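Numbered from 1 within each chain, the chains take letters A, B, ... in sequence-line order. Bear in mind that the values here come from a model prediction, so they are computed numbers and not experimental data. Reckoned from all heavy atoms, side chains included, excluding hydrogens, waters and symmetry mates.
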Protein chains: 2
Amino acid sequence: MVTLAEVARHAGVSASTVSYVLSGKRSISAGTRQRVEQSIRELGYHPNAGARALAGSRSNIIALMVPLRTDMYVPVMMEIAIAVATTARTHGYDVLLLTGEEGPDAVRRVTGSGLADAMILMDVELEDERLPLLRQTGRPSVLIGLPADTTGLTCVDLDFTAAGALCVEHLAALGHRDIAVIGEAPAVYERHTGFAERTLDGLRTRARELGVRLLHRPCEGGYDAMAATLARVFDERPATTGFVVQNESAIEPLLALLRRQGRAVPEDVSVVAVCPEQVATQASVRLTAVSIPARQMGRYAVEHLVAKLDGRGTDEVVLIAPELTRRASSGPAATRTPPPTGKS
Amino acid sequence: MVTLAEVARHAGVSASTVSYVLSGKRSISAGTRQRVEQSIRELGYHPNAGARALAGSRSNIIALMVPLRTDMYVPVMMEIAIAVATTARTHGYDVLLLTGEEGPDAVRRVTGSGLADAMILMDVELEDERLPLLRQTGRPSVLIGLPADTTGLTCVDLDFTAAGALCVEHLAALGHRDIAVIGEAPAVYERHTGFAERTLDGLRTRARELGVRLLHRPCEGGYDAMAATLARVFDERPATTGFVVQNESAIEPLLALLRRQGRAVPEDVSVVAVCPEQVATQASVRLTAVSIPARQMGRYAVEHLVAKLDGRGTDEVVLIAPELTRRASSGPAATRTPPPTGKS
DNA sequence: AAAAATCGTCGAAGCGCTTCGACGACCCAT
DNA sequence: ATGGGTCGTCGAAGCGCTTCGACGATTTTT
């Protein structure tokens with residue numbers, strides 16, 4: 001391994017000069033700088049990360065804690081993670097991948113050891129165990145998601161409450177009076193995941209305001225679960241003509257089942273989804289949907305964090321305004337009685 | 001931050017003793033050990049990662065390079081990444097997340113700076129630019145995937161050639177003589193991704209041996225692309241009764257289109273997929289499939305790497321034997337003429 | 001013309017840890 | 001009893017970098 005000292009010798013300067021060339025923290029004459037840079041290139045020098053971290057007491061690493069579970073939309077997580085990694089690189093940071101498995105211990109370990117300068121937490125629960133620790137450590141952090149108490153924390157998330165409201169508004173404007181909400185798996189609600197509850201809040205509040213009946217049903221992914229859920233929905237509310245789906249793995253099953261039952265989308269039934277854009281456009285019916293801006297969230301998180309690390313940051317909650325894109329899955333409510341029941 | 005020295009003072013021993021308690025590299029009397037451990041706990045001591053890396057010249061970090069692209073099956077990547085992260089933790093390593101974006105430079109940077117002790121590369125191309133560098137650096141590495149030349153490299157992957165063969169065998173045994181292969185997006189083949197080409201090899205070779213006709217069509221994900229591809233397939237080979245799908249985002253569209261055309265699965269047409277188990281079981285028809293053992297691959301990769309880091313490792317290529325699970329999507333070929341053409 | 005400020009560079013201290021050699025204390029065989 | 005081993009502990013020397021203060025050499029100010 002080439003060291004700073006070797007570069008210095010090669011360039012005929014002292015070690016500290018090389019260091020200053022690298023960091024730009026003191027002015028260096030153009031000639032010297034060029035000679036040093038030349039030596040760095042010739043020798044293929046890379047500063048040793050450990051030594052840097054030790055001497056500078058910053059590791060230039062951001063820790064990213066992703067959920068371990070895979071009962072929620074995985075591509076969103078992946079997209080966020082990739083956005084975080086690429087954005088971090090543009091600011092000179094690397095990303096350490098932590099899984100939720102270790103829980104609060106990971107926070108202690110990573111901040112305690114100085115492994116990372118800052119943290120990004122995904123899949124934050126309303127009363128998350130990691131938050132008290134995070135507040136304590138004093139290391140900069142950004143949550144992707146929204147806990148119950150945000151004092152002293154920086155959070156970035158889609159405004160799911162507004163997203164829920166938007167979905168109801170859209171359907172109500174089209175004349176739908178009975179709306180079913182197909183939600184995430186029950187487990188997601190049981191552990192009080194913020195985004196799921198907030199969407200529901202938004203849906204319910206606006207539904208009440210607009211005089212729309214709402215039926216919420218959590219649903220495991222997949223075909224069979226969706227079939228059972230759908231049967232229950234129509235059993236309980238036969239007049240249902242609008243669906244809001246917030247569960248990636250229920251979307252395609254729902255569409256297929258509706259088709260099979262002879263309920264046409266959007267003629268008989270309208271479907272609105274809360275999902276990444278890619279899913280909405282690739283579904284068997286192009287879906288009217290509020291998209292989840294995964295990439296944007298990842299980028300945002302990193303940029304806030306970097307700002308904090310540079311001493312410019314503030315604690316704030318950034319809620320990204322939802323956008324509903326009309327596609328082929330929603331239309332005016334039929335004025336006739338609910339559509340024929342299919343063979344199901 | 002609590003330091004080693006403070007722990008030492010608190011426990012009434014020297015710093016080196018604390019270090020030896022931590023590493024276990026020299027014997028320590030039970031009494032001393034307990035006193036030190038007690039102090040560590042009381043003070044909430046975490047060894048400083050940078051100092052450790054510097055003094056010990058190992059960072060206890062494994063770099064994982066994931067593909068930036070999202071034109072291939074993302075959940076598989078995510079599952080591998082999570083398996084890597086959790087397995088690494090059980091061996092005392094953390095994982096640094098790199099995206100393919102930086103390319104070979106990332107390899108140089110990470111190994112040059114000693115940021116990571118070892119690397120795992122995903123999405124390896126047949127002639128991957130990163131490989132020469134990897135061989136040079138001498139740092140342990142494991143590839144998930146298989147390049148053209150594996151000398152001096154350790155690789156872990158599903159035996160996609162065997163997987164392809166297995167699919168053909170299964171369909172041939174059921175009496176199918178005309179098989180269509182729905183592949184990944186064209187871009188995947190254009191960049192010579194190993195697993196796609198190897199699957200194709202396996203399919204073709206066994207098809208030739210068994211006297212089965214094979215038609216391969218790359219396919220972008222989604223409904224429309226699949227519709228176009230399917231039309232071309234039946235146009236060119238009307239007698240097609242077997243499908244092999246290696247493209248997660250084409251599966252559900254294919255099933256829906258077949259249904260719409262009045263081709264029953266598995267009565268008229270059999271479908272075999274190469275995909276993660278979760279996808280196979282959650283599809284609208286439970287799919288006969290060769291599953292992609294993502295978790296196993298991630299675990300394997302880390303364990304090989306750790307073995308190498310401990311000086312026990314060897315360079316070898318581990319191909320995981322594919323397993324085909326029969327589910328509801330494949331059955332005997334109809335003896336009658338190809339099924340009716342639907343409204344499409 | 002002298003004093004003050006600025007610039008470019010250097011030497012040295014130290015970040016917190018690992019690890020090597022040393023050194024008593026103790027146990028065994030002779 | 002005496003020499004040779006272990007065993008448990010310690011001190012000190014770095015690992016490669018950052019950063020502070022110092023110091024000539026210029027440049028600016030008065």
Is there a donor and acceptor pair, one atom on the side chain of A:Tyr20 and one on the base of D:dC17, closer than 3.5 Å? no

Tell me, which of residues 2-15 of chain A have any heavy atom that sits under 4.0 Å from an atom in DNA chain D? A:Thr3, A:Leu4

Round to a whole Å and report the spacing from CG of B:Leu115 to P of D:dC17. 13 Å

Check whether B:Arg139 reaches the backbone of B:Val110 with its side chain - one donor and one acceptor, N or O, closer than 3.5 Å. no

Just checking, is any N or O donor in the side chain of A:Gln296 or A:Arg299 under 3.5 Å from an acceptor N or O on the other one? no

Separation of B:Met119 CE from B:Leu115 CG (nearest 0.5 Å): 10.0 Å

Do A:Thr17 and A:Ser14 meet the criterion of a side-chain donor-acceptor pair at a distance under 3.5 Å? yes

Dump every N/O contact between nucleotides 5-8 of chain C and the protein below 3.5 Å, one line per pair.
residue: C:dG8; atom: OP2; partner: A:Ser27; partner atom: OG; Å: 2.5

Check the distance between D:dT19's C1' and A:Leu22's CG and give it to me in whole angstrom. 14 Å

With a 4.0 Å cutoff (strictly under), does any side-chain N or O of A:Thr17 reach OP1 or OP2 of C:dT9? no

Give a yes-or-no answer on whether the side chains of A:Thr87 and A:Thr90 include a donor-acceptor pair shorter than 3.5 Å. no

If you compare every side-chain N and O of B:Arg52 against the phosphate oxygens of C:dT18 (OP1, OP2), does one of them come in below 4.0 Å? yes

So does A:Ser141 get a backbone contact from the side chain of A:Lys308, meaning a donor-acceptor N/O pair under 3.5 Å? yes

Could you check how far CG of B:Asn48 sits from C1' of D:dC15, rounded to whole Å? 13 Å

Report yes or no: does A:Ser39 contribute a side-chain atom to a donor-acceptor pair with the main-chain N or O of A:Arg35 at less than 3.5 Å? yes

Look only at the side chain of B:Asn60 and the backbone of B:Tyr93, and say whether a donor-acceptor pair between them is shorter than 3.5 Å. no

Less than 4.0 angstrom between a side-chain N/O of B:Lys25 and OP1 or OP2 of C:dT19, yes or no? yes

Quantify the bending of the helix from C:dA1-D:dT30 to C:dC27-D:dG4 as the angle between its end axes, each fitted on five pairs, to 10°. 40°

Rounded distance (Å) that lies between atom P of D:dA13 and atom CG of B:Leu54: 17 Å

Between B:Ala51 and B:Arg33, who's closer to the 5' end of DNA chain D by nearest nucleotide? B:Arg33

For the CD1 atom of B:Ile80 and the CD1 atom of B:Ile120, what is their distance to the nearest 0.5 Å? 10.0 Å

For B:Met1 and C:dG14, give me the distance from atom CE to atom C1', rounded to whole Å. 19 Å

Report yes or no: do B:Gln38 and B:Gln34 form a side-chain donor-acceptor pair below 3.5 Å? no

Roughly how far apart are B:Leu96 CG and B:Asp117 CG, rounded to 0.5 Å? 11.0 Å

